[in-house]
S.K.: 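Quick one: the structure is below, and I'll ask about it shortly.
Quick note: residue numbers are just sequence positions, from 1.
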Amino acid sequence: MSNTTPKRCLWRAITVFDGLRTLTEPMAVITEGTRIVSLTPMRDWDASQGEGCMDMGQGGVMTPGLVDCHTHLVFGGERADEFEARLEGAGYEEIARRGGGILSTVRATREASEEELFARARPRLEALIDDGVTTVEIKSGYGLTVDDELKMLRVARRLGETLPVRVVTTLLGAHALPPEYQDNSDDYITLVCEEMIPAAAAEGLADAVDVFCEKIAFSVAQCERVFEAAKAHGLAIKAHAEQLSNLGGSAMAARHGALSADHIEYLDEAGVNAMREAGSVAVILPGAFYTLRETQQPPVASLREAGVPMAVATDANPGSSPLFMPTLMLNMACTLFRLTPQEALAGMTAHGATALGLNGLGRIREGADADLCIWDIDTPAALAYAVQPGRLRQRLFGGELAHAS
């Protein structure tokens, strides 16, 4: 099939998951240019409605293009040796003393050129695209100097300019304490606030600013300083919070209007309520939970009862989630955290988009962007049920056919 999509395209007798729910009967869907222009139940379909359309097939399941709202795709080196060392009994502190952990990725990222980082990141992003992703967030956070953080963000922007995918960039300068600031975390936060954020904003390299609010990273007060600096430069905010302990970072982020709080395994009721009131999205990251063999699960039942939207993402990174298959995350979210298949798929479409401030994306409705996936499955639940590559029949990005099996 040609990669040039005709102006008007028609799918018939297809099951549609609209981003929040499965429509109750088979549909005919028409796109024109970059937009979805018609959704019609097959019982009301008249062949004349499809005149002038290219028939793109029938049957299967149509979903919005998947939205991976939390990744760390740009990094240097790898950490397979640490994976092996952990299995042989080495603990986190021992690995860190050997020079491993996040700072090993920082060293490799600092040493790599933009060209090298781009060449390493491209196949990771292509793996996400081949599994249905049309929108992806890419964080910095492995440079931890002004120049190296900007280098990572430039690579992320270039990936979005090169490949058929929407890339949202996030400055994660407050990810870890670099070695040159080991005894002076407040001064490093000053660097993030007074130099890193202004530089990223001036070059238009960041859409949002993230922090790691945790005992092994940065305090609530330090993260709040970062948020205030981000907002002063017109950037959205989000937080890695409550992953390893409950510091109240999610509640603080919600008070500042954060788009999302991510990980949140130790989130308490006060945090849930704060997120509900602020409209912040809870981003569930089963890949890190699985890889780190954690046991504390996020409070899915409380989030569900409170009506806090739950997104699902890969958290693709070299250390705690070296996983680059979004549909695997759907399965993990269901099997590990007991999300329903519909909740998981909503989490990687409509709610994932909301977590990036892209309200309205990740939906199938008249007038919406024609970012679409057509899958060779019988029901949307099958996408989470089985871990099986090769089910993506077609992928449209901005109305253009960017994948066809």
Side-chain angles (χ1 to χ4, degrees), residues 69-72 74-75 102-103 105-106 137-146 148-150 152-153 156 168-178 181-182 184-201 205-267 271 274-275 278 280-283 285 288 311 313 315 317 319-321 355-357:
C69 68
H70 183 131
T71 83
H72 306 253
V74 175
F75 57 86
I102 188 173
L103 292 184
T105 301
V106 171
E137 185 248 27
I138 302 178
K139 302 179 190 293
S140 64
Y142 294 123
L144 308 185
T145 68
V146 174
D148 288 304
E149 290 292 296
L150 298 185
M152 294 182 68
L153 292 171
V168 177
T169 57
T170 297
L171 172 64
L172 181 55
H175 189 198
L177 197 60
Y181 284 89
Q182 278 305 306
N184 208 338
S185 60
D186 282 337
D187 278 1
Y188 179 66
I189 291 297
T190 297
L191 174 74
V192 172
C193 294
E194 297 184 2
E195 297 185 42
M196 201 177 285
I197 290 173
L205 292 175
D207 301 306
V209 171
D210 199 349
V211 298
F212 187 15
C213 187
E214 192 53 75
K215 291 177 181 178
I216 64 171
F218 299 100
S219 70
V220 172
Q222 289 171 327
C223 293
E224 194 161 22
R225 288 178 59 195
V226 175
F227 285 163
E228 289 168 353
K231 290 195 292 184
H233 286 84
L235 298 174
I237 59 173
K238 53 182 64 183
H240 288 60
E242 274 69 70
Q243 181 182 7
L244 306 173
S245 63
N246 180 17
L247 296 186
S250 299
M252 181 275 292
R255 289 195 298 272
H256 282 269
L259 292 173
S260 70
D262 303 27
H263 287 290
I264 58 158
E265 281 89 338
Y266 286 83
L267 185 69
M275 292 181 68
S280 300
V281 177
V283 179
L285 302 172
D315 191 20
N317 74 74
S320 62
S321 188
L356 298 178

S.K.: Could you check whether any side-chain heavy atom of M152 comes within less than 4.5 Å of a side-chain heavy atom of I138, counting everything from C-beta outward?
M.R.: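 M152 vs I138: side chains apart.
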S.K.: Tell me whether T190 contacts the main-chain N or O of D186 through its side chain, where contact means a donor paired with an acceptor under 3.5 Å.
M.R.: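 At least one qualifying donor-acceptor pair exists.
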S.K.: Does the side chain of T105 reach to within under 4.5 Å of the side chain of H72, using non-hydrogen atoms?
M.R.: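 No; the side chains remain at least 4.5 Å from each other.
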S.K.: Applying side-chain contact (heavy atoms from CB on, under 4.5 Å), run through C193 and V226 and close with a yes or a no.
M.R.: CA-CA 6 Å; C193 294; V226 175; 4.1 Å; yes
S.K.: Tell me the closest heavy-atom pair linking L235 and A201, and the distance in Å.
M.R.: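 Looking at all heavy atoms of both residues, the closest pair is CD1-CB, 4.3 Å.
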S.K.: Could you report the tightest heavy-atom contact between M275 and A261, atom names first, then the distance?
M.R.: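 The pair with the smallest heavy-atom distance is CE-CB, 3.8 Å.
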S.K.: Calculate, to the nearest 0.5 Å, the distance between atoms CG and CE belonging to L153 and M196 respectively.
M.R.: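 Atom-to-atom, L153:CG and M196:CE are 9.5 Å apart.
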S.K.: Show me, pair by pair, the donor-acceptor contacts under 3.5 angstrom made by side chains of residues 245-255, not counting sequence neighbours?
M.R.:
residue : atom : partner : partner atom : Å
S245    : OG   : E214    : OE2          : 2.3
N246    : OD1  : G248    : N            : 3.3
N246    : ND2  : D268    : OD2          : 2.8
S250    : OG   : E242    : OE1          : 2.6

S.K.: If I take atom CG from residue L103 and atom CD from residue Q182, how far apart are they, to the nearest 0.5 angstrom?
M.R.: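 Nearest 0.5 Å value for the CG-CD distance: 6.5 Å.
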S.K.: Checking side chain to side chain contact (heavy atoms under 4.5 Å, CB included) between L285 and each of E265, H263, H240, which is the one that passes?
M.R.: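 The passing option is H263.
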S.K.: Quick check for you: to the nearest 0.5 Å, what is the distance between L191 atom CG and Y188 atom OH?
M.R.: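 So the gap between those two atoms works out to 6.5 Å.
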S.K.: How long is the gap from CD1 on I189 to CG on N184, to the nearest 0.5 Å?
M.R.: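 Those atoms lie 11.0 Å apart.
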S.K.: Using every non-hydrogen atom in the two residues, find where A258 and S280 come nearest and quote the distance to one decimal.
M.R.: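 Result for this residue pair: O-OG, 2.7 Å.
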S.K.: Within a strict 4.5 Å, meaning less than it, do heavy atoms of the T169 and L205 side chains meet?
M.R.: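 Not touching, per the 4.5 Å side-chain cut-off.
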S.K.: For the residue pair L356 and L259, establish whether any side-chain heavy-atom pair is separated by less than 4.5 Å.
M.R.: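 Contact flag for L356/L259 side chains = no.
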S.K.: Which atoms form the tightest heavy-atom contact between H256 and K231, and what is the distance?
M.R.: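 Minimum heavy-atom separation between H256 and K231: ND1-NZ, 3.0 Å.
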S.K.: Among D315, N317, D210, whose side chain to side chain donor-acceptor pair (under 3.5 Å) with K139 holds?
M.R.: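 Among D315, N317, D210, the one meeting side chain to side chain donor-acceptor pair (under 3.5 Å) with K139 is D210.
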S.K.: Are F212 and Q243 side-chain neighbours, meaning at least one heavy-atom pair lies under 4.5 Å?
M.R.: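 They are in contact (side-chain heavy atoms under 4.5 Å apart), so the answer is yes.
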S.K.: Between F218 and V211, is any pair of side-chain heavy atoms under 4.5 Å apart?
M.R.: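 No, their side chains stay 4.5 Å or more apart.
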S.K.: Do you know the tightest heavy-atom contact between I102 and H175?
M.R.: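 Taking I102 first and H175 second, the nearest heavy atoms are CD1-CE1, 3.4 Å.
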S.K.: Closest heavy-atom contact between L150 and A199?
M.R.: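 Result for this residue pair: CD1-CB, 3.9 Å.
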S.K.: Enter the distance from L172:CG to H70:NE2 here, rounded to the nearest 0.5 Å.
M.R.: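 It comes to 7.5 Å.
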S.K.: Using the side-chain contact (heavy atoms from CB on, under 4.5 Å) criterion, which residues pair with T145? Sequence neighbours excluded.
M.R.: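 Expected list: R110, D147, D148, E180.
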S.K.: If you define the side chain from C-beta out and look only at heavy atoms, does anything of K215 sit under 4.5 Å from L244?
M.R.: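 In short, these two side chains do not touch, never coming nearer than 4.5 Å.
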S.K.: Name all residues meeting the ring pair (Phe, Tyr, Trp, His ring centres under 6.0 Å) criterion together with Y266; count only those two or more places apart in sequence or in a different chain, and write none if there are none.
M.R.: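 For Y266, no residue satisfies ring pair (Phe, Tyr, Trp, His ring centres under 6.0 Å) once neighbours in sequence are set aside.
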S.K.: So, taking the atom named CD in E137 and the one named OG1 in T71, what distance separates them when rounded to the nearest 0.5 Å?
M.R.: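 Going from the CD atom of E137 to the OG1 atom of T71 covers 6.0 Å.
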